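First up is the structure itself, then whatever we jot down about it.
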Amino acid sequence: MRNLVDIKRLSKEEILEIIDLAADFEENRSVSTCFGKNLALLFCENSTRTRFSFEIAANTLGIHIYNFNTETSSFSKGESLKDTIENLSAIGINGIVIRHGEEGIIDKVISEVTCPMAFINAGDGSHAHPTQALLDYYTMRKHLGTVEGKKIAIIGDVRHSRVAHSNVELLSKFGAKVYFCAPKYFEDSTSDVIFTKTLEEALKDADVAMFLRVQNERLEERFPLFDYVHEYGLTMKKLREFAKEDILIMHPGPVNRDVEISSEVLDSKYGKTILEQAGNGVFIRMAVLDILLGGSR
Amino acid sequence: MILRGAKLISPADNLEEILDINIQDGIIIDLAKNIDSDGSKEFNYSGKTITPGLIDMHCHLREPGFEYKETIETGIKSALAGGFVGICPMANTNPVVDNIETLKFIIKQANDYIGPNFIYPICAVTKGLQGRELTDFVLLGERAFAFSDDGKPITNSEILKKALQTGKLIISHAEEETDCVKRELEILRAVGGRLHFAHISTNSAVDLIRNAKNAGLNVTCETAPHYFSFTKEDETSDGRFKMNPPLRTKKDLEAVIEGLKDGTIDCIATDHAPHSIEEKTKPFNESPFGIVGFETVLGAAITNLVYKEYISMHQLIEKMSVNPAKILNLENYGHIKIGQTANLTIIDTDTIYTVKENEFKSKCKISPFNGCKYKGRAVAAVVNGKLIETGASL
């Protein structure tokens, strides 16, 4: 593994290598092999937890971080991403974490540059968000042992969600039964995942229910928020009525409180897994950085 | 890198054509005639055949525990020389692969030598291969693509039922082939699951499996090259031809070939089972079961099956690549297409040579195939995008 662009290209073996190393970092069984390396963070879209998570992961490993300011860097002077990266490599940057609105941009850049550089996708448009899928799997695995044969419902804007796309790719590799639950306008015709119409169907017998953020910034038309909350928003009442007692409630964050999930659910024991996801993200990103930037282990 | 001029044969992609292959970062990015040079390395394979990478779903590498017979490294060298790009070693090492530490050890040893995605160890169905208590299918199952107590039959029906009910692929070593196959097919009929029979060698077992498939059971099977190359008449006074199941009659050999022809037998696997020269040269009764097979299977199969027109080259590739990939659920194998990880075998189907056991890469340099005159052998393999010529050191 030289770059992390999407989940599709990883084998089960490579995924488990990341997962195992993340567990080793979490339990202090492994040390950094990439002390003193240089990492650039290029976030062309907003991010709080992913960005902080990468920063903390890098800091913990002894990696130096260099943040782009997309407003004042040469980016705004019209320098192409290819030229920017080749210059960064010449300066001594070893890896770059990119979040960008354009799908497939990282593959495009990788095919253009000739310099040594490890690329890490932190979300490109609706395409992929591999570290999120990895941390989701890490979290599920802790609770469920295995996802094989488990019912995992992904609820919400699956069409625009890179989180959903990366999760489906990963979970299917490990034999999970993945369902999408979304209103018509969020359905994704490119995917062969089974759709369920109602939240009740999605929650029934589910081991995991993963709610996706309503991404206002990617929605083209005005969207019927009231109806959406009524039909797809998770409340304690629906949870008690339709779901198994030990269902895991997950969300990549940030949660729109009382839209995807009610405050009552978020503040109950069911809300804890979402914070756990955020915490696990650091170990996953440490593992990814250490594998891509580190010496041989 | 660009591989030029070879005939590509990929049954699953409906492909048989002379095309160049462009591979970048491990992925096939172009398949076309006369691809423009792009500054990357180029190799000319005119006159050769390129197929989806061969997978051996049944072998024994002996490490840990019996490194004097074979190590993971010498086993991989031998497999590469035979044209394999993916192999599944069985669990009967010491310690047995019935725990996560041993499983990870084997994967790590292989990865340190050749990188990830080459070795796919098969885990034990029962602890210590004792047939009494199931291993941790959940923990092991995340990494293992199949489970088997190969070397020993699972005599306890309840254990086999439980194993099948996990939904994992169970590979059965059917000792006393006919009775065992019959009994296990009944269990499969009753509880469902996925069952694959290893090293099928008899007329009656082929018949039983054919009927079971016709009845819609989810069963697959493999044979090994020696069962379509030799009969028990060929046995010598030492252990050179000693394996389990043993060589059979001419009628059985013909039934195996018939099973390969009509699709009853899905795969050809080597059952590569190395031992030391001292062990194999003992008198027949004292010598251990098992012969090596990586480096002779392609020659034996092309000569004894394809050139004799029992099966086509397409069928052979199905049995050595496409079907094992499907049965094991291995991604990145069984195809030659754009966007796919490049796992390929490059074969010279015209070269004629005599098998010389002393030239084997395997530690075990004694083989029943020694002295056989064969046509066709692997000249190189592309393993996860990396070209490895036969005989080259990594």
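In this text, all values refer to a predicted model and were calculated from it rather than measured experimentally.
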Exercise. With distance as the sole criterion, is a donor-acceptor pair present between the side chains of A:H129 and A:S166 under 3.5 Å?
Worked result: no

Exercise. Is chain A contacted by the side chain of B:E142, its backbone, both, or neither, given a heavy-atom distance below 4.5 Å?
Worked result: both

Exercise. Among A:D20, A:T146, A:I110, which has the most heavy-atom pairs under 4.5 Å with chain B?
Worked result: A:D20

Exercise. For the residue pair B:H60 and B:H58, is the inter-centroid distance of their aromatic rings smaller than 6.0 Å?
Worked result: yes

Exercise. Taking B:P116, B:G167, B:G339 one by one, which has the highest count of heavy-atom pairs under 4.5 Å against chain A?
Worked result: B:P116

Problem set entry | Proximity breakdown for B:I100 and chain A, heavy-atom pairs closer than 4.5 Å | neither

Problem set entry | Any residue meeting salt bridge (charged side-chain N to carboxylate O under 4.0 Å, His left out) with B:K168, in chain and number order, not counting sequence neighbours | A:E148

Exercise. Is it true that atom CG of A:D246 has more than 12 heavy atoms of other residues, nucleotides or ligands lying nearer than 6.0 Å?
Worked result: yes

Problem set entry | Contacting moiety of A:I15, where chain B heavy atoms sit under 4.5 Å | neither

Problem set entry | Side-chain ion pair, A:D124 and A:R162, N-O less than 4.0 Å | no

Problem set entry | Salt bridge flag under 4.0 Å for residues B:R4 and B:D20 | yes

For this session: Considering only heavy atoms, give the residues of residues 3-11 of chain A separated from chain B by less than 4.5 Å, sorted numerically, with 'none' for an empty result.
Result: A:R9, A:L10, A:S11

Exercise. Which of residues 169-177 of chain A get closer than 4.5 angstrom to chain B, counting heavy atoms alone?
Worked result: A:K173, A:F174

For this session: Report the relative orientation of the aromatic rings in B:H272 and B:F294; use parallel for angles under 30°, tilted for 30 to 60°, perpendicular for over 60°.
Result: parallel

For this session: Would you please say whether a donor-acceptor pair under 3.5 Å links the side chains of A:Y179 and A:E201?
Result: no

Problem set entry | Heavy-atom neighbours of B:K33 NZ exceed 12 at 6.0 Å | yes

Exercise. Got more than 12 heavy atoms from elsewhere within 6.0 Å of NZ, A:K82?
Worked result: yes

Exercise. Chain A heavy atoms under 4.5 Å from B:N329: which part of the residue, side chain, backbone, both or neither?
Worked result: neither

Seminar exercise, completed: Shortest non-hydrogen pair, A:T273 vs A:I249, comes out as CB-O, 3.4 Å

Exercise. Taking only residues two or more places apart in sequence or in another chain, which ones pass salt bridge (charged side-chain N to carboxylate O under 4.0 Å, His left out) with A:K204?
Worked result: none

